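One structure is given below, encoded as structure tokens.
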There are 2 protein chains.
Amino acid sequence: MKRLSEKQRLIAKYINKFLSKKGYPPSIRDIQKGCNISSTSVVDYNLNILESRGIISRHAEISRGIRLLSKSPAENISTVPVIGMIAAGEPIPVPTPDTWDVAAVSETMDIPSDLIQGREDVYALRVKGTSMVDALINDGDIVLMQHVSAVENGQMAAVWLKSEKEATLKKVYVEKDRVRLQPANSQMREFYTGPDNVEIQGKVIGVVRQVS
Amino acid sequence: MKRLSEKQRLIAKYINKFLSKKGYPPSIRDIQKGCNISSTSVVDYNLNILESRGIISRHAEISRGIRLLSKSPAENISTVPVIGMIAAGEPIPVPTPDTWDVAAVSETMDIPSDLIQGREDVYALRVKGTSMVDALINDGDIVLMQHVSAVENGQMAAVWLKSEKEATLKKVYVEKDRVRLQPANSQMREFYTGPDNVEIQGKVIGVVRQVS
DNA sequence: TTATAGTTAGAACAGGTGTTCTTTATCATC
DNA sequence: GATGATAAAGAACACCTGTTCTAACTATAA
């Protein structure tokens, strides 16, 4: 596959900008003016190349019948409710039936669908404090959770330690008569406790961090 | 505000369907046929009503110049190019003019606009290896970068250490005649080097992690 | 009924728009 | 230099498409 020429990249970029700015695709003459191209036939020529490269698709004889093939972003986005905060010494918020209703929740968040991977019952928690650095999670991070009551061995989960009254994010391994909680950071030591002491609140499926 | 008539709702629905199916807006005659309307003027008449109701916006004298105003999640979404990997011992990929072109890049990623905050020149790097755990960044994470050549003190940045031939993510503080590189994890120790040894490759503005 | 606003039909116009054709220019390769 | 592929310029054609105009048809209220 040959590389796109300067002009072709300019055109693709212009279509992108036009589309997101105006909401409808540009005509050939829009592209001509917007990219300072001398003739409509030159635009046509390069659009055909862009189409053969799979960048766009064109509909013959239809004005503004250009479509960007980069899969429309809207399909790759999911909206999840942010139902509260998770901090070391405080109980972990548990989703209730009405928190699922994205429209009814005070705060929501849009995230790439890749992170969800078609899972149901996904919600988000804001991390407060630096107590979870051993899980490579910082103050202010947002963790994406899936609501489950049990996890497979090795899954990272939000765990409530009853006797310690502490919330933590660890990889969970159920062993013979104890539970091993392993930090994500392999440099840190694991931790053992009794099965009755742990309460699985949810499975961690992702982390989003915004750096100042 | 009067309610929309049956016909107007049908038209709005048709525009929506047409747009998501074809990728460009319908012409008046498309709507006419699609909704079994007898005359283009009837379509025009009802489109004007839809516009005055704020459902759509129209651009005069421009074919297919219809835009749906219902705020779609797509407005909260930005697409950034994933231009390569960042690993401890390998050079950091630097964006080139054509990598900016979202349409021309092999891999892209959709992320919530909140993470971008209107910044320009944003790209993404895939993290390889666990060498950046001290920055609370794990193997497989994706870091969002902004292309800058200099950063303010305290900013987390992708740094290339020339003599060590090593890429790293640290908070950068320029001091009198040395540069302090501070891990994001406050439990880890800072690191000093000469100003000539550091090459700022970009500013870290976010991290996205997918857990298994 | 009459009046009035809201809606529909049909047709025609003018400009927008995709397409195509011919000619010319550029450039690498033999 | 000859040659062929790639790229561009300019113009012209024919259809697409938004707009507009007139006339007719509803429905509701006076």
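Fair warning: this is a prediction, and the values are worked out from it, not measured in the lab. Proteins get letters first, then strands, A, B, ... in listed order; numbering begins at 1 in each.
Between B/Q8 atom CD and C/dT8 atom C1' the separation is 13 Å, expressed in whole Å. Here D/dT19 presents its P atom at 9 Å from CG of B/L47, a figure rounded to the nearest Å. Distance A/Q32 CD to C/dG18 P: 11 Å, rounded to the nearest Å. Between B/D44 atom CG and C/dG6 atom C1' there is a gap of 15 Å when expressed in whole angstrom units. Between the NZ atom of B/K33 and the P atom of D/dC16 there is a distance of 8 Å, given to the nearest Å. Put simply, CD1 on B/I28 is 15 Å from C1' on C/dA11, counting in whole angstrom units. Rounded to whole angstrom, the span from the CD1 atom of B/I49 across to the P atom of C/dA5 amounts to 15 Å. Rounded to whole angstrom, the span from the CD1 atom of B/I31 across to the C1' atom of D/dC16 amounts to 15 Å.
Picking from C/dG16, C/dT8, D/dA8 the nucleotide with the shortest atom distance to the side chain of A/V42 gives D/dA8. Distances from the side chain of A/T40 to the nucleotides C/dA11, C/dT17, D/dA12 place D/dA12 closest.
At the phosphate of D/dG10, neither OP1 nor OP2 sits under 4.0 Å from any side-chain N or O atom of A/S39. Contact annotation: B/Y45 side-chain N/O to C/dT7 OP1/OP2 distance is under 4.0 Å. Taking 4.0 angstrom as the limit, A/S27 places none of its side-chain polar atoms (N or O) nearer than this to OP1 or OP2 of C/dG16. One finds a side-chain N or O of B/N46 lying less than 4.0 angstrom from the OP1 or OP2 phosphate oxygen of C/dT8. Listed pair A/R64 / C/dG18 fails the phosphate criterion, with no side-chain N or O lying under 4.0 Å from OP1 or OP2.
In terms of polar N and O atoms assigned as donor or acceptor, the side chain of A/R58 never comes within less than 3.5 Å of the base of C/dG18 in a complementary pairing. Donor-acceptor pairing under 3.5 Å, judged by distance alone, is absent between the side chain of B/S41 and the base of C/dT8. A donor and an acceptor atom never sit less than 3.5 Å apart when one is taken from the side chain of A/R29 and the other from the base of C/dG16.
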Mind running side-chain hydrogen bond (donor to acceptor under 3.5 Å, both in side chains) on A/N46 and A/Q8 for me, showing each step along the way? CA-CA 6 Å; A/N46 286 289; A/Q8 282 145 22; 2.9 Å; yes
If you apply the rule side-chain contact (heavy atoms from CB on, under 4.5 Å), what do you find for B/L125 with B/I142, and how did you get there? CA-CA 6 Å; B/L125 296 174; B/I142 287 184; over 6 Å; no
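Ionic pairing of B/R180 and B/E175 is present here: one or more N-O contacts between side-chain nitrogen and carboxylate oxygen are shorter than 4.0 angstrom. A salt bridge does not link A/R209 to A/D139: none of the charged nitrogens lies less than 4.0 Å from a carboxylate oxygen.
The residue among B/K7 and B/I62 whose nearest nucleotide of DNA chain C is located toward the 5' end is B/K7.
Residue B/I37 is out of contact with every strand shown, counting any heavy-atom pair closer than 4.0 Å.
In this structure, B/R64 is not positioned above the aromatic face of A/Y24 in the sense of NZ or CZ being under 6.0 Å from the six-membered ring centre and within 45° of the axis.
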